[in-house]
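Each remark here refers to the structure printed beneath this line.
Computed over heavy atoms, backbone and side chain alike; hydrogens, waters and symmetry mates excluded.
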Amino acid sequence: MTTLSHYLDAGAAKLPADLVIENGTLANVDTGEFYPANVAIYRQKIVAVDADVSAYVGPATRHIDATGQYLVPGLIDGHIHVECSKLSMTRFAELVLPHGTTSIVSGLDEYISVVGVAGLPEIFAEIDALPFKVFWGLPYKTPYTIPQSTIAYNVTAADHAEYLPQDNCYGVWETVREAVGVRDPDTLKALELAQRYHKPIFGCSPMARGKALNEFLMSGVHIDHESYSHEEFLEKARKGLRVVIRESSVTKFLQENIRAITEGPAGVARHTSFCTDDVNARDVLAHGHLDHMVRLAIQASVAPMTAIQMATINGAEAYHVDDRVGSIAPGKAADILLIDQPGTFTVNTVISQGQVVSHDQQPTLTFTPPHRSATLQGQLKHAPMTADDFRYTVAAATGTATVRTIHSVGPFVRQARDLDLPISDHVVLPDPASDVAAVSVIERYGVNQNHARGFLSGWSIKRGAIATSASPDDNNLVVAGVDPADMALAANTLIACGGGQVVVADGQVLTLLKLPIAGITTDLTPTDLAQKELALKQAAEQLGSTLPDPLFYLSFLAITDGGNVDYTQLTYFDPILKVTH
């Protein structure tokens, strides 16, 4: 066991360093300057950053020559739902570490929806075995949905009273403005507890301006990761929020938000950090992770040092973890990247928690997922379903039904679209010619057997069905399609395998991705998962879908197991507006 006394001795060069990095150029994000420096590392921590570290070298000390390279702190993703990548924690670390991401901030909220807070110790143990940091914030509440949908475990104020005082809880995760606006009692109590324990409140307030933003700020929220315009972003920064630019696999906000920095006051950048929120393996393998965001910022005319600060120290300060990470300095975690040069930001070598994870762009570490207990085994607690379960029936035998569809115009943006559908033998029929498919959300936890039905548009589905059990924020079973028999096959395929994503047509499974961990993630390697993601996308396109990521869009529809949701009113609505005989 390494004690404080050991680290003090190592800092005084009384104990030899395990590793020294020599002849590099330091990117000092604390002072905003570049200069030559050498770094000594002892048991996961930096003990010296000086022009000469020869006093720290012992017979067993390893050396890395950084000649011609720059030393940059490990990158910090300020807000990410790891589970939305569909990768286990081990495989996610394997995916992003080579790109320089050594720390993330996450709520593990998707796991909580399935296994509860009591199921997290197994995830925490997995994280502890990795050279990868996860700064966990307890979700302000679960489920996030208003009205409330069904999940396996509801986080309440009582959980915050238990977990917020603990060292491994770094704040309140993703406090949405709507929950504050309706004065949800559990939410308000969680925020009061966070203020009592001086834990930061992580906010989510898309399109909040003026009085709506002022009201939200009175909750004590400290950080916000979702702004739809640079004007909104700037207003939040001016009102004291630590603002986070999001660039996910499907929501590209960097180009717009960065204008608050390139066109706005000089001080905005120092309060800005980065996050990816939701990423998939294909996107990271093709473009990178936070290193990609650094490059995008530089391409948008942000100074390289400023972009590096946004990916490191700014996020560390925002989340109150700058005593541990965010810069290359004595006492900080030994999370160090060797890059070619700041302007191009190609990550060559990654050191995380003192371990060399990759060197000269080649992996040096093998990632082996742990044994999974029964607690994390995916299970959809529902009996097999039939085609009749997916038919929307009405009292009228024939005629026309005026329906309100969930019309997708973006992964998180839906509009109401009203149109007429035919009724045949009491069933309201989907109409591929009018771009209308049926959708169902089925409660999967064996709590109440809820089954909500509705209609969606904007998908161009002509045949078959698709389904997923990885469906934030409640991870119930979501099925969409134009053929009830295929919808039943899709649902039953996932019920049988314990969760996943599937595309079917004409009574055949076209492609299946099994997600055996809680029904939402897998231990497949990132490369293997990326291939499966591509196969799912191509299979959905065979059904006619024109969306950029159909399975992701399916996960974020305005419908829960409780019913179709009008998010402007935060109430359920009946998708059958009128029946004409």
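- Cation-pi geometry between Arg246 and Phe253 is met: under 6.0 angstrom from the ring centre, within 45 degrees of the axis.
- Taking the six-membered ring for Trp and thresholds of 30 and 60 degrees, Tyr170 and Phe135 have ring planes more than 60 degrees apart, a perpendicular arrangement.
- The closest donor-acceptor contact from the side chain of Thr61 to the backbone of Asp18 lies at 3.5 Å or more, if one exists at all.
- Under the 30°/60° scheme for interplanar angles, the aromatic rings of Tyr7 and Tyr42 are found to stand perpendicular.
- By the 4.0 Å N-to-carboxylate-O rule, Lys133 lies close enough to Asp335 to be salt-bridged with it.
- Interatomic distance, NZ of Lys514 versus OG of Ser469, reported as 12.5 Å (0.5 Å rounding).
- No side-chain N or O of Asn476 forms a donor-acceptor pair with one of Glu443 less than 3.5 Å apart.
- The aromatic ring centres of His289 and His287 sit 6.0 Å or more apart.
- Between the side chains of Ser248 and Thr251, at least one donor-acceptor pair of N or O atoms lies under 3.5 Å.
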Q.
Would Thr346 and Asp291 count as a side-chain contact (heavy atoms from CB on, under 4.5 Å) here? Give the steps.
A. CA-CA 8 Å; Thr346 299; Asp291 58 327; over 6 Å; no

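- No side-chain donor-acceptor contact under 3.5 Å links Arg242 to the backbone of His271.
- Between Glu226 and Arg177 there is no salt bridge, since no side-chain N of the basic residue sits under 4.0 Å from a carboxylate O of the acidic one.
- Minimum heavy-atom separation, Leu285 to Ala530: CD1-CB, 3.8 Å.
- Between Lys141 and Asp184 there is a salt bridge, since a side-chain N of the basic residue sits under 4.0 Å from a carboxylate O of the acidic one.
- Proximity of a side-chain donor or acceptor of Thr101 to a complementary backbone N or O of Leu97 within less than 3.5 Å is not detected.
- Put simply, the side chain of Glu162 does not reach to within 4.5 Å of the side chain of Val117, judged on heavy atoms.
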Q: Run the numbers on Ile112 and Leu120 for side-chain contact (heavy atoms from CB on, under 4.5 Å), then give the verdict.
A: CA-CA 7 Å; Ile112 291 172; Leu120 289 185; 3.8 Å; yes

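- Glu110 contributes no side-chain N or O that, together with a main-chain N or O of Ile520, makes up a donor-acceptor pair within less than 3.5 Å.
- Side-chain polar atoms of Glu247 and Thr276 form no donor-acceptor pair below 3.5 angstrom.
- Classification of Asp528 and Lys532 as a salt-bridged pair fails, no side-chain N sitting under 4.0 Å from a carboxylate O.
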Can you give each donor-acceptor pair under 3.5 Å made by side-chain atoms of residues 152-159, sequence neighbours left out, with the distance rounded to 0.1 Å?
| from | atom 1 | to | atom 2 | distance (Å) |
| --- | --- | --- | --- | --- |
| Tyr153 | OH | Asp159 | OD1 | 2.7 |
| Tyr153 | OH | Asp159 | OD2 | 3.1 |
| Thr156 | OG1 | Ala158 | N | 3.3 |
| Asp159 | OD2 | Thr156 | N | 3.0 |

Q.
Evaluate His198 against His320 for ring-ring contact (aromatic ring centres under 6.0 Å, His included), listing each step before the verdict.
A. CA-CA 10 Å; His198 301 285; His320 297 181; 9.3 Å; no

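- Looking only at atom types and distance, the side chain of His81 has no donor-acceptor partner in the side chain of Asp278 under 3.5 Å away.
- Asn314 places a side-chain N or O within donor-acceptor distance of the main-chain N or O of Ala269, the cut-off being under 3.5 Å.
- Residues Tyr70 and Leu26 fail the side-chain proximity criterion, which asks for heavy atoms closer than 4.5 Å.
- For the atom pair Asp30 CG and Gln309 CD, the distance stands at 8.5 Å (nearest 0.5 Å).
- Under a 3.5 Å cut-off, the side chain of Asp561 and the backbone N or O of Ser149 do not form any donor-acceptor pair.
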Q. Run the salt bridge (Lys or Arg N to Asp or Glu O under 4.0 Å) check on Glu192 and Arg196 step by step: do they pass?
A. CA-CA 6 Å; Glu192 290 170 352; Arg196 179 188 305 173; over 6 Å; no

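- Of all non-hydrogen atoms in Pro131 and Val357, the two that sit nearest each other are CG-CG2, 4.2 Å.
- In this structure a side-chain-to-backbone donor-acceptor pair under 3.5 Å is present from Asn257 to Ser227.
- Using a distance-only test at 3.5 Å, with no hydrogens or angles considered, no donor-acceptor pair links the side chain of Asp360 to the main chain of Gln362.
- Comment: Glu122 does not engage Arg372 in a salt bridge, judged by the lack of any side-chain N to carboxylate O separation of less than 4.0 angstrom.
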(Q) Is there a side-chain contact (heavy atoms from CB on, under 4.5 Å) between Asn475 and Glu83? Walk through the geometry before answering. (A) CA-CA 11 Å; Asn475 293 298; Glu83 306 95 312; over 6 Å; no

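- A parallel orientation is assigned to the rings of Tyr144 and Tyr140, their planes being inclined by less than 30° (bins at 30° and 60°).
- Of the possible donor and acceptor atoms, one in the side chain of Ser249 sits under 3.5 Å from a partner among the backbone N and O of Asn280.
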Q.
I'd like to know whether Arg270 forms a salt bridge (Lys or Arg N to Asp or Glu O under 4.0 Å) with Glu317, so could you lay out the CA-CA distance, the side-chain angles of the two residues, the decisive distance to 0.1 Å, and finally the verdict.
A. CA-CA 10 Å; Arg270 197 62 178 85; Glu317 291 176 350; 3.3 Å; yes

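- In the model, His359 has no side-chain atom that pairs as donor or acceptor with a side-chain atom of Thr364 under 3.5 Å.
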